[in-house]
Amino acid sequence: MSTARVAVVTGGGQGIGRAIAIALARAGVDVAILARSRAPLEQVAGEIADLGRRSHAATCDVTVARAVEAAMADVRRRLGPIDVLVNNAGTAESAPLSKLDEDQWDRMLAVNLKGTYLCTRAVIDEMVRRGSGRIINISSIAGRVGFAYTSAYCASKHGVLGFTRAVALEVARAGVTVNAICPGWVDTDLTVATIARIVQTTGRSPEEARQALEAMSPQRRLIRPEEVAAVAVFLAGDGAAGITGQAIDVDGGEVMA
């Protein structure tokens with residue numbers, strides 16, 4: 001991978017986003033990380049710098065068009081043209097449909113789907129003009145199949161896959177690829193929060209709740225963030241030039257299609 005490349009990773013302060021940012025830096029990429037909270041970003045930016053790569057941390061609400069445009073312009077000023085965009089920022093909540101209020105619905109569609117649209121729109125023209133670019137959208141196996149009590153989350157992640165395929169077709173002849181990664185249950189803070197909700201609603205112990213999530217995978221384990229990051233690095237590289245409009249599952253075999 002060319003050391004001149006610049007990547008933007010949204011939601012880059014923790015979890016999958018942090019793992020992807022670090023993995024890209026190890027692959028020789030300069031990385032800008034975006035998120036709402038500043039402190040985690042600063043820590044990850046320091047880790048990237050320790051790997052000998054340029055880094056930039058910017059607070060940004062990916063649901064606000066002006067904020068996204070300003071953040072991307074700032075990245076260009078500081079690091080140069082954007083070669084890779086990883087749309088990782090996301091949120092997950094659960095509730096039975098009868099108890100799912102509009103605020104929850106709007107929040108998950110805004111962060112998970114609208115944010116992907118706004119960030120992609122902010123970089124796609126420059127990638128097409130240069131004849132090169134990689135867009136990687138972090139969806140979920142909940143974008144592949146349905147899960148009870150997660151209708152808004154499933155709708156948003158299904159939307160990410162539809163968006164991925166449509167944009168991939170638009171730019172297929174321009175040297176730009178658009179792909180999605182669909183993780184299963186990943187060992188991150190989001191999953192810890194899910195375990196806590198299971199404990200609260202079912203009375204199971206944290207260990208039992210975690211084992212229930214692990215049992216959903218044929219491998220009987222949670223995915224490590226670094227496993228998702230490895231796929232992102234591959235998709236960002238020259239060797240993935242012929243892969244576009246695809247959704248790649250990283251789930252231990254939970255969904256096979």
Side-chain angles (χ1 to χ4, degrees), residues 1-2 5-36 40-41 44-45 47-48 51 53-58 60-63 68 71-72 74-76 79-91 111-124 126-127 132-140 143 156-157 160-161 163-164 167-168 171 176-183 186 188 190 223 225-238 240 243-250:
M1 184 176 293
S2 169
R5 288 186 176 177
V6 172
V8 173
V9 181
T10 69
Q14 60 184 353
I16 292 173
R18 174 190 172 277
I20 292 173
I22 296 299
L24 285 168
R26 286 183 173 139
V29 179
D30 297 329
V31 185
I33 46 175
L34 277 54
R36 291 182 181 181
L41 290 178
V44 177
E47 294 179 72
I48 294 168
L51 292 168
R53 304 311 312 168
R54 294 184 302 159
S55 64
H56 173 56
C60 176
D61 183 343
V62 298
T63 70
V68 169
M72 297 302 180
D74 193 28
V75 172
R76 294 184 190 101
L79 300 181
I82 298 166
D83 302 286
V84 178
L85 169 65
V86 181
N87 285 307
N88 169 75
T91 187
V111 176
N112 296 345
L113 185 53
K114 184 181 179 181
T116 296
Y117 145 68
L118 289 176
C119 291
T120 302
R121 190 183 66 172
V123 304
I124 196 71
E126 69 173 299
M127 290 182 176
S132 176
R134 299 284 185 269
I135 296 171
I136 302 162
N137 300 322
I138 306 303
S139 181
S140 166
S156 69
K157 292 301 188 178
V160 168
L161 293 191
F163 177 81
T164 297
V167 178
V171 299
V176 180
T177 66
V178 188
N179 291 290
I181 302 174
C182 298
V186 182
T188 64
L190 274 178
I223 298 297
E226 291 77 15
E227 294 176 274
V228 182
V231 177
V233 171
F234 169 69
L235 290 174
D238 295 335
I243 301 174
T244 195
Q246 303 303 308
I248 300 174
D249 300 336
V250 185

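What you see is a predicted model; the values in this text were computed from it and never measured.
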#### Entry: Counterpart residues, side chain to side chain donor-acceptor pair (under 3.5 Å), relative to Ser156 (two or more places apart)
Asn112
### Query
Does Val111 have any side-chain contact (heavy atoms from CB on, under 4.5 Å) partners at least two apart in sequence or in another chain, and if so, which?
Arg36, Thr63, Thr91
### Query
So do the side chains of Val228 and Pro183 get within less than 4.5 Å of each other, counting heavy atoms only?
yes
#### Entry: From NE2 (His56) to CD1 (Ile48), nearest 0.5 Å
11.0 Å
### Query
Are any non-hydrogen side-chain atoms of Ile135 and Thr177 less than 4.5 angstrom apart?
no
#### Entry: Nearest heavy atoms of Ala247 and Leu161, plus distance in Å
CB-CD2, 3.8 Å
### Query
Could you give the distance from CG (Leu51) to CZ (Arg26), rounded to the nearest 0.5 Å?
5.5 Å
### Value rounded to 0.5 Å, distance of OG in Ser55 from CG in Asp30
8.5 Å
#### Entry: side chain to side chain donor-acceptor pair (under 3.5 Å) partners for Gln14, two or more places apart
none
### Task
Could you give me the CA-CA distance, side-chain angles and deciding distance for Cys119 and Met72, then say whether side-chain contact (heavy atoms from CB on, under 4.5 Å) is met?
CA-CA 8 Å; Cys119 291; Met72 297 302 180; 4.0 Å; yes
#### Entry: Non-neighbouring partners of Glu47 that pass side-chain contact (heavy atoms from CB on, under 4.5 Å), sequence neighbours left out
Arg18, Ile22, Gln43, Val44
### Message
The criterion is side-chain contact (heavy atoms from CB on, under 4.5 Å); which residues satisfy it with Ser140, sequence neighbours excluded?
### Response
Ala142, Tyr153, Lys157
### Message
For Asn137, give me all partners under side chain to side chain donor-acceptor pair (under 3.5 Å), at least two apart in sequence or on another chain.
### Response
Asn87, Thr164
### Message
Just verifying a value: how many Å separate Ile124 CD1 and Tyr117 OH, rounded to the nearest 0.5 Å?
### Response
13.0 Å
### Task
State, to 0.1 Å, how close Ser132 and Val176 come at their nearest heavy-atom pair, and which atoms those are.
C-CG2, 4.0 Å
### Query
Taking the side chain as C-beta and beyond, is there a heavy-atom pair between Arg53 and Val31 under 4.5 Å?
no
### Message
Main chain of Ile243, side chain of Asn179: is a donor-acceptor contact present, judged purely on distance under 3.5 Å?
### Response
yes
### Task
With sequence neighbours excluded, tell me which residues meet side-chain contact (heavy atoms from CB on, under 4.5 Å) with Leu118.
Ala65, Val68, Lys114, Arg121
### Task
Please lay out, stage by stage, how Leu34 and Val8 fare under the test side-chain contact (heavy atoms from CB on, under 4.5 Å).
CA-CA 7 Å; Leu34 277 54; Val8 173; 3.9 Å; yes
#### Entry: Thr188 versus Gly15, closest heavy-atom pair with distance
CG2-CA, 4.0 Å
### Query
Salt bridge check: are Asp83 and Arg5 linked by an N-O gap of less than 4.0 Å?
no
### Query
Taking the side chain from Thr244 and the backbone from Val178, do they hold a donor-acceptor pair closer than 3.5 Å?
yes
### Query
Please walk me through it: do Val84 and Val6 pass side-chain contact (heavy atoms from CB on, under 4.5 Å)?
CA-CA 6 Å; Val84 178; Val6 172; over 6 Å; no
### Query
Does any non-hydrogen side-chain atom of Ser139 lie less than 4.5 Å from one of Ile181?
no
## Note on the structure
Closest non-hydrogen atoms of Pro225 and Val186, given as atom of the first, atom of the second and distance, are N-CG1, 3.8 Å
### Test item: Leu235 and Arg134 side chains (from C-beta on) under 4.5 Å apart, heavy atoms
no
### Summary
Of all heavy-atom pairs linking Ala89 and Val62, the shortest is CB-CG2, 4.1 Å
### Query
Is a side-chain N or O of Thr10 found less than 3.5 angstrom from the main chain of Asn88, in a donor-acceptor match?
yes
## Note on the structure
Sorted by chain and number, sequence neighbours left out, salt bridge (charged side-chain N to carboxylate O under 4.0 Å, His left out) with Arg76 holds for Glu126
### Task
Dump the intermediate steps for side-chain contact (heavy atoms from CB on, under 4.5 Å) on Leu85 and Ile136, then the final yes or no.
CA-CA 6 Å; Leu85 169 65; Ile136 302 162; over 6 Å; no
